[in-house]
Amino acid sequence: MNERRRKLGEERSAIRELFEYGKQRAKEIGKENVFDFSIGNPSAPAPDCVKEEIIRLLNEVPSAQLHGYTSAQGDPAVREAVAEYLRKEFGAEISANHIYLSCGAAASLTVVLNAILSGGEEVVVLAPYFPEYRVFIEGAHGVCKEVMTDENFRLDLTALEKAITKNTAAVILNSPCNPTGVVYREEEIKALASLLNKKSKEFKKPVYLISDEPYRELTYGAKVPFPASYYDNTIVCYSFSKCLTLAGERIGYLAVNDRAEDADALYAACAGAGRDLGFVCAPALFQQVIKKCIGMTSDIGVYEKNRALLYGALTDMGYTAIEPDGAFYLFVKSLEPDANAFCERAKKHELLFVPSDSFGVKGYVRISYCVPTEMIQRALPAFEKLAKEYQK
Ligand code: PLP
């Protein structure tokens with residue numbers, strides 16, 4: 001047995017653990033009495049286009065064709081549609097033959113990491129970061145190197161510069177960010193691009209930028225720069241999980257910038273990694289749904305409303321948080337130094353949120369607000385009681 005994998009399977013992620021606890025607790029005391037803010041399961045209904053296209057496809061396309069294997073990289077017409085969208089939306093120079101349809105951003109990330117790592121190289125992650133990055137990096141035989149962001153969770157270029165060595169294969173960037181909701185500004189992306197160009201030149205090999213973008217469309221006024229337009233050696237990892245509320249359907253893509261060094265070889269390595277990992281092809285039915293619905297976004301009004309409600313109410317109660325610009329998470333300072341202890345205390349009020357330790361920082365909790373607004377309203381007295389306990 002592979003001990004590392006056995007351990008991974010046994011421990012599960014802190015987030016999944018809480019999610020399971022919440023379901024158990026709901027059985028015991030009623031769903032309406034549990035305030036589960038643990039998991040980022042998108043809740044805004046998918047646009048009508050998704051349902052209509054599924055029905056049309058089921059009615060009009062012969063099943064053997066609709067549900068059959070596609071080419072490993074994905075149906076060429078769907079890849080064309082993705083390339084066209086990226087060109088129109090961002091002026092991207094990414095052709096269809098550099099797009100690989102995947103089972104979501106998680107699959108895109110594992111494929112890319114397995115494509116670029118041979119063993120022992122470092123991949124820089126910006127703390128606080130999505131905890132699965134470490135699992136994916138180590139699974140691809142790389143070393144996860146944490147670099148802290150600054151006090152407002154923005155890029156700390158000085159810390160990054162120190163951390164990037166000739167053993168660095170890539171930096172993972174996630175904007176809008178899970179768990180902080182930060183959207184990196186254009187000047188930050190430009191500065192990062194300039195640093196990576198300098199380092200690539202110094203080490204005479206590209207330091208890749210892996211741009212993990214599952215929340216690209218989930219913003220509340222902030223403009224999200226497209227990193228591939230600023231840095232040639234960028235590989236985009238994207239997913240339709242959040243923008244079309246399709247998280248369980250496992251559909252996304254990776255895209256190698258046409259201007260990346262040896263882009264064709266890099267793309268071939270991605271296809272090879274996909275093969276190695278046994279992905280075969282992305283779900284065929286949803287490839288077709290994407291072809292039709294690309295560019296559409298679920299109505300994120302509910303997240304916007306929840307964000308305002310939760311941020312406003314919690315800061316009024318004395319909690320400290322930065323106002324998120326995107327995604328659907330609020331990163332709140334724990335009311336005691338140990339965020340785990342704070343979460344345990346919150347559980348006594350049936351409030352479930354994730355301690356920040358697994359995100360690579362201490363002393364915060366992540367609250368997912370992709371939940372029904374009325375649940376937030378019902379939970380506010382519990383937040384108030386919890387805050388009061390610390391004011392005594
Ligand atoms: N990257 C980040 C930052 C995420 O938050 C998530 C999911 O929550 C993923 C990747 C994985 O997304 P997907 O469901 O598309 O695999």
Side-chain angles (χ1 to χ4, degrees), residues 12-19 37-44 46 50 74 82 100-114 123-137 139-140 144 146 149 153 170-184 209-219 224 227 235-255 274 277 279 282-283 286-287 289-290 294 297-298 300 303 324-331 353-354 356 358-361 366-371:
R12 288 201 292 209
S13 78
I15 301 172
R16 293 249 151 216
E17 202 71 61
L18 266 170
F19 182 57
F37 294 97
S38 62
I39 205 166
N41 211 355
S43 58
V50 168
V82 173
Y100 178 98
L101 301 178
S102 70
C103 303
S108 301
L109 288 162
T110 50
V111 165
V112 168
L113 290 164
N114 277 277
V123 177
V124 169
V125 297
L126 307 169
Y129 60 92
F130 178 52
E132 295 304 281
Y133 289 161
R134 174 175 289 280
V135 178
F136 300 159
I137 293 166
C144 179
E146 293 177 3
T149 48
F153 305 117
V171 174
I172 302 183
L173 188 77
N174 172 221
S175 178
C177 174
N178 172 10
T180 60
V182 163
V183 173
Y184 301 115
L209 181 63
I210 301 176
S211 182
D212 181 27
E213 308 179 10
Y215 302 96
R216 192 197 281 150
E217 297 79 11
L218 271 55
T219 59
V224 183
I235 312 167
V236 179
C237 292
Y238 184 79
S239 149
F240 296 93
S241 294
K242 319 285 172 172
C243 73
L244 289 177
T245 319
L246 289 178
E249 303 299 352
R250 315 308 305 139
I251 185 79
Y253 60 83
L254 69 85
L277 294 165
F279 278 119
F286 280 88
Q287 292 191 32
V289 172
I290 289 322
I294 192 160
T297 303
S298 303
I300 62 166
Y303 305 145
D325 283 326
F328 39 48
Y329 307 104
L330 193 64
F331 206 53
F353 26 75
V354 188
S356 62
S358 60
F359 299 100
V361 297
R366 190 196 74 174
I367 301 181
S368 287
Y369 57 81
C370 50
V371 296

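All values below were derived from every heavy atom in this structure, side-chain atoms included, with hydrogens, water molecules and symmetry-related copies excluded. Start at 1 with the first residue, then count along the sequence. Order of appearance sets the numbers: ligands from 1, and atoms from 1 within every ligand.
- With a 4.5 Å cut-off on side-chain heavy atoms, V125 and I137 count as touching.
- When each atom of ligand 1 is checked for a heavy atom of N178 under 4.0 Å away, the hits are 3 (C), 4 (C), 5 (O).
- In the vicinity of N174, heavy-atom distances shorter than 4.0 Å reach the ligand 1 atoms 3 (C).
- For the pair S175 (side chain) and C177 (backbone), a donor-acceptor distance under 3.5 Å is absent.
- Of all atoms in ligand 1, numbered sequentially from 1 with element shown, those under 4.0 Å from a heavy atom of D212 are 1 (N), 2 (C), 3 (C), 10 (C).
- Residues P179 and P128 have side chains in contact (heavy-atom distance under 4.5 Å, counting atoms from C-beta outward).
- Closest to atom 15 (O) of ligand 1 among all protein heavy atoms lies S239 OG, 2.6 Å.
- Listed by number with element, the atoms of ligand 1 under 4.0 angstrom from any heavy atom of S241 are 13 (P), 14 (O), 15 (O).
- Annotation: side chain of F136 is not in contact with side chain of I172 (no heavy-atom distance under 4.5 Å).
- Near Y133, meaning under 4.0 Å from any of its heavy atoms, are these atoms of ligand 1: 3 (C).
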Working for ring pair (Phe, Tyr, Trp, His ring centres under 6.0 Å), residues Y329 and Y215 | CA-CA 11 Å; Y329 307 104; Y215 302 96; 5.7 Å; yes

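- Contacts between F240 and ligand 1, counted as non-hydrogen atom pairs separated by less than 4.0 Å, are absent for every part of the residue.
- Between atom 7 (C) of ligand 1 and the options E213, E249, R250, K242, the minimum heavy-atom separation is to K242.
- Of the residues listed (P176, C243, S298), the one engaging E217 in a side chain to side chain contact (heavy atoms under 4.5 Å, CB included) is C243, and it is the only one.
- Below 30°, between 30° and 60°, or above 60°: for F353 and F37 the angle between ring planes is between 30° and 60°, a tilted geometry.
- Of all protein heavy atoms, the one closest to atom 12 (O) of ligand 1 is A105 CB, 3.6 Å.
- When only interatomic distances are considered, the shortest N/O to N/O separation between P214 and ligand 1 does not fall below 3.5 Å.
- Looking at G104 next to ligand 1, no N or O pair under 3.5 Å apart turns up.
- Looking at F359 and P131, their side chains come closer than 4.5 Å, going by heavy atoms from C-beta outward.
- With D212 contributing its side chain and N174 its backbone, the two residues share no donor-acceptor pair below 3.5 Å.
- Under 4.0 angstrom from ligand 1, the non-hydrogen atoms of A106 come from both its backbone and its side chain.
- At the top of the distance list for atom 9 (C) of ligand 1, counting protein heavy atoms only, stands F130 CE2, 3.5 Å.
- Between Y215 and ligand 1, at least one pair of N/O atoms sits closer than 3.5 Å.
- Relative ring orientation between Y129 and Y133 is described as parallel, the plane-to-plane angle staying below 30° on a 0-90° scale split at 30° and 60°.
- An N or O contact shorter than 3.5 Å is missing between Y329 and ligand 1 by distance.
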